[in-house]
Amino acid sequence: MTENVEFPPPRTVAELRRLLDQLPGDALILVDGYEAAYSAIATAMLTEVQELSGRPSYLGRFEHPSDAARAVAGVDAAAWVITDPEPLPKLVGEPTLALVLRREERDDDD
């Protein structure tokens with residue numbers, strides 16, 4: 001068994017391809033689970049995203065541009081008012097394309 005081998009995190013499709021080319025073809029691809037452990041990828045989607053700064057550590061740095069606009073305005077993606085809006089997040093750069101890997105969601109009985 002191979003010990004943990006860390007690679008620089010790929011930020012582009014080209015970097016991911018180079019990384020995947022170094023791995024065995026039968027290796028699984030997993031993502032972090034909701035709270036712990038690991039999950040299989042349920043979907044892979046190319047979508048436009050907007051980076052934000054000043055977000056709580058439990059939230060990701062990227063959102064869909066329309067959700068980012070709501071966050072900057074003080075309303076979260078579910079359209080709830082943020083209870084402690086200071087400081088509000090700020091947009092970083094321009095929207096860009098991203099390959100988003102989403103984890104599988106399990107039923108309680110799985």
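Because only heavy atoms are used, hydrogens play no part in the values below, and waters and symmetry mates are left out as well, while side chains stay in.
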Contacts of type side chain to side chain contact (heavy atoms under 4.5 Å, CB included), residue Thr43, not counting sequence neighbours: Arg102
For Leu101, side chain to side chain contact (heavy atoms under 4.5 Å, CB included) partners two or more places apart: Val31, Ile41, Ala44, Leu99
Residues, nucleotides or ligands: over 12 heavy atoms within 6.0 Å of Ile29 CD1: no
Tyr38 OH: over 12 foreign heavy atoms closer than 6.0 Å: no
Pair listing, salt bridge (Lys or Arg N to Asp or Glu O under 4.0 Å) test, anchored in residues 40-54, at least two apart: Glu51-Arg61
Sequence neighbours excluded - salt bridge (Lys or Arg N to Asp or Glu O under 4.0 Å) pairs with any residue from residues 90-101: none
Partner set under salt bridge (charged side-chain N to carboxylate O under 4.0 Å, His left out) for Arg103, not counting sequence neighbours: none
Apart from Val72 itself, residues in the same hydrophobic cluster as defined by side-chain heavy atoms under 4.5 Å: Leu52, Leu91
Donor-acceptor contacts under 3.5 Å from residues 11-25 side chains, at least two apart:
unit_1 : atom_1 : unit_2 : atom_2 : d
Thr12  : OG1    : Glu15  : N      : 3.1
Glu15  : OE1    : Arg11  : N      : 2.7
Gln22  : NE2    : Arg18  : O      : 3.4

Under 3.5 Å: donor-acceptor pair, side chain of Gln50, backbone of Val92: yes
Test side chain to side chain contact (heavy atoms under 4.5 Å, CB included) applied to Val49 and Thr96, step by step: CA-CA 5 Å; Val49 296; Thr96 188; 4.0 Å; yes
Glu63 and Arg55, any side-chain heavy atoms less than 4.5 Å apart: yes
